[in-house]
Amino acid sequence: MFAVSAAAVLVCMVLAMLRAVLGPTAYDRVLALNNIGTKTVVLIAVLGFVNGRPDFLDLALAYALINFIGTIAVLKYIEYGDLGASAPRETGTE
Amino acid sequence: MNRAPWLWAILFALWLVLSWHFTPLFLFFGVVTCSIAVLVVTRMGILDRESLPLHLAWRAAAYVPWLVWEIFKSNVRVARIILSPRIRVDPSIVHFQASQRTDLGRFIYANSITLTPGTVTTGIVGDDFEVHAIVQEEIDGSEENTMNRRVARLEGEAG
Amino acid sequence: MSIVVDIVLVTLLAVAGIALLRIRNLFAVVMLAGIYSLLSAGLFTVMDAVDVAFTEAAVGAGISTVLFLGALALAGHHENRPGHTPLLPLIVVSVTGLALVYGTIDMPGFGGADNPVHHHVADHYLKESPNEIDIPNVVTAVLASYRGYDTWGEVTVVFAAAVGVMLLLMGGRRSRAAAGDNGRVGGDGQAGGAGDR
Amino acid sequence: MMGDIVTVVVWLLLLSGGFFMVTGSLGMVRLPDVFTRMHAAGMVDTMGAGLTLAGLCVYSLHDGTGLVAVRLVLVLGFLWFTSPIATHAVAKAALSGGTTPYTVGDARLRAGQAGAGPDGAGEGRTGAAPDSTRKAPAEDERGRGDR
């Protein structure tokens, strides 16, 4: 039954890849990158169960965090054109 | 309330669960690692009631299941839009007032809005939330008001 | 099941690779390179090379994406078309690739238990590392203890490379900031800000 | 008996998780602009990953490997904490980068619809997947020009 789940994740990766290749804007590609990251996390978790050795979950755990950091770095770059820049201070922004 | 020991305890519990080795060597590594992490965080001065909201823990236990149910319902709605043979969306950006008093409360509310598919918080200035919705009905129903009230209650009297 | 996963992932890798070659917008290329790293990390996981997968995810999808973006902030977004025809590079790459494939014919089957590589010191590591080093993870034991000097050298090289890249990327900014050009930290750092430098 | 119930529950969770994940990915391909696609991506992050990981969690709890269940819960927790922040960051960057979202009666929605067929009344209807893929290359050029 885990094989079905893994197959679903793979189909999703193909669809997200389509979006990454088609674009059209940079933000679509960031969205696809983030989404493929999420799907990789789920894929690793599911594959651990397919092979009967769910020991790789630490890897999924680390991926979830790396993916987040990568996405934030990318978006900071898009928004400010620079990774070292700090956000302009606005009052009341979260 | 001093938060550093709490953070240390949480981190060490995480270490124990993830490692599950109880030899002296590994316990020693865990103690050292957690201590360094707590030390760094304390020196950075970011350990406060926003970064470790312990005072919300009990009320969050009631909020999270409700949020999960909301997420499920809006997932079904968005799935229906996507799977319909001709996609019918009328996306719009809506402004409305949030009634939370603290930044932490607004943060939780904004993330709850984003976490339910169909609505994404795109910007916050003061109390004014700017929300993008995939269809108009997602936003102007009573559910956003319910969520608003629930987060305000979660935030509690202490504020 | 594993073979299906392999096929799908390798196909996606090929798609990502071809898209990487075709697209001239370097920002999109960085995004696709990140996706490429995630996919190959998934592939490494399927092959049970968890430590390699971990490194690939951290370095490939995490750090190198950030470094590429830092470089893009300094260098601009668009890749010029090469002036020469791609024919000669294509031939060189094809010949090299075919030679590598030819080389793999002599190699023992993938994952075979009686491959020579598994009977040199691996037996000793697998049997004795719990007694000798008392670390539950054999890979960690090999990397940090049996091959400690090797790992030390690698870490030194990686550290030196990281410091060098950071100096390259940050040196420019500091000198500009010293020259008084600190306006871009504030309001004007828009999305297109990098492209016109 | 207990095992049968667990098997059924795990099947249900995995299948519904796969359903939401595939639907969300389909939405990422079909929906007309980056803001609406964001909602579809949210589906993958929340219910798709959530139900799948919950299924694995139930299985491993029944299997007696509770540590694995703890890890799955942690993975899900990280995903659900980070996903809205990443989505919000995409939305904010897209807005400040000059991408205006499609809204009701937008000329671009109608333009997409003119190619889609006879249904021309224009209340925010867009063409399906073939339409959006067809106009993608042109927009790609425009996107490059913007940056």
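Here is the naming used below: chain letters follow the sequence lines, and residue numbers restart at 1 for every chain. From a predicted model like this one, the values you see are computed outputs, not experimental measurements.
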Student: Is there a side chain to side chain contact (heavy atoms under 4.5 Å, CB included) between D:D45 and D:L79 once you walk through the steps?
Tutor: CA-CA 7 Å; D:D45 283 352; D:L79 276 183; 5.6 Å; no
Student: Pick one of side chain, backbone, both or neither for D:L26, based on which atoms fall under 4.5 Å of a heavy atom in chain B.
Tutor: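 For D:L26, the contact with chain B is made by backbone and side chain together.
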Student: Tell me yes or no: between the side chains of B:T114 and D:T87, is some donor less than 3.5 Å from an acceptor?
Tutor: no
Student: Can you say whether D:F20 sits under 4.5 Å from chain B via the side chain, the backbone, both, or neither, judging by heavy atoms?
Tutor: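 The side chain, not the backbone.
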Student: Measuring heavy-atom distances to chain D, does B:L14 have an atom under 4.5 Å in its side chain, in its backbone, in both, or in neither?
Tutor: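 Just its side chain gets close to chain D.
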Student: Looking at D:G42, D:G24, D:G27, which one has more heavy-atom pairs under 4.5 Å with chain B than the rest?
Tutor: D:G27
Student: Between D:T36 and chain B, which part of the residue has a heavy atom less than 4.5 Å away: side chain, backbone, both or neither?
Tutor: both
Student: Judged by atom type as modelled, is there a donor-acceptor pair below 3.5 Å linking the side chain of B:S19 to the main-chain atoms of B:H21?
Tutor: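 Yes; at least one donor-acceptor contact below 3.5 Å.
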Student: Sort out for me which residue in B:N111, B:L115, B:I108 forms a side chain to side chain contact (heavy atoms under 4.5 Å, CB included) with B:L67.
Tutor: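 So, applying the side chain to side chain contact (heavy atoms under 4.5 Å, CB included) to B:L67 and each of B:N111, B:L115, B:I108, only B:L115 qualifies.
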Student: Is there a donor-acceptor contact under 3.5 Å from the side chain of D:R30 to the main chain of B:I82?
Tutor: yes
Student: Let's test your reading of the structure: which of D:M38, D:H39, D:M47 forms the most heavy-atom pairs below 4.5 Å with chain B?
Tutor: D:H39
